[in-house]
Amino acid sequence: MTPAKQAGLWLIHFLSFLLIFSASYLFLPEIYLYRRFSDLVGFITEQAWNDLFMLAILGASVIINTLLIYIVATLRNRQA
């Protein structure tokens with residue numbers, strides 16, 4: 001694989017991650033989740049919640065993107 005193809009493939013993977021991350025951040029009901037979480041564990045500061053929420057979204061986005069890349073690669077290998 002040429003370096004240009006590798007760079008293009010990396011860019012496509014990054015853009016898919018960015019799309020998944022942005023969609024998760026926009027569509028997850030943060031206030032509802034904050035209320036549910038604070039009901040379970042008690043008072044939580046805004047900074048602690050922001051850190052936890054961002055870590056959860058980043059982690060979920062990485063896992064979803066990894067699964068998406070794996071599925072696409074598996075499908076492409078079956079066609080070859």
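- Judged as a side-chain hydrogen bond (donor to acceptor under 3.5 Å, both in side chains), the pairs with a partner in residues 54-72 (not counting sequence neighbours) are, in order, Ser16-Asn65.
- Side-chain heavy atoms closer than 4.5 Å link hydrophobic residues (I, L, V, M, F, W, Y) into clusters, and following such links, possibly through other members, connects Leu52 to Phe21.
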Extract all donor-acceptor atom pairs below 3.5 Å that involve side chains of residues 31-42 and protein atoms in other chains or at least two apart in sequence.
unit_1: Tyr34; atom_1: OH; unit_2: Ile44; atom_2: O; d: 3.2
unit_1: Ser38; atom_1: OG; unit_2: Tyr34; atom_2: O; d: 3.0
unit_1: Ser38; atom_1: OG; unit_2: Arg35; atom_2: O; d: 3.1

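- The cluster map of Ile, Leu, Val, Met, Phe, Trp and Tyr, joined by side-chain heavy atoms under 4.5 Å apart, puts Val62 and Leu58 in the same cluster.
- Every residue two or more places apart in sequence or in another chain that forms a side chain to side chain donor-acceptor pair (under 3.5 Å) with Asp51 is listed here: Gln47.
- Using a 4.5 Å cut-off between side-chain heavy atoms of Ile, Leu, Val, Met, Phe, Trp and Tyr, with links allowed through other members, Leu19 and Leu28 fall into different hydrophobic clusters.
- Looking only at side-chain heavy atoms (C-beta outward), Ile71 and Leu75 come within less than 4.5 Å of each other.
- Residue Leu26 shares its hydrophobic cluster (ILVMFWY side chains chained together at separations under 4.5 Å) with Phe27.
- A tilted orientation is assigned to the rings of Phe14 and Phe17, their planes being inclined by 30° to 60°.
- Looking at residues two or more places apart in sequence or on another chain, you find a side chain to side chain contact (heavy atoms under 4.5 Å, CB included) between Ile64 and Ile20.
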Pair up each side-chain donor or acceptor in residues 2-12 with any protein partner under 3.5 Å, not counting sequence neighbours, and list the distances.
unit_1: Thr2; atom_1: OG1; unit_2: Lys5; atom_2: N; d: 3.3

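- Put simply, the side chain of Glu30 reaches to within 4.5 Å of the side chain of Asn50, judged on heavy atoms.
- Remark: Phe53 engages Trp49 in a ring pair (Phe, Tyr, Trp, His ring centres under 6.0 Å) (not counting sequence neighbours).
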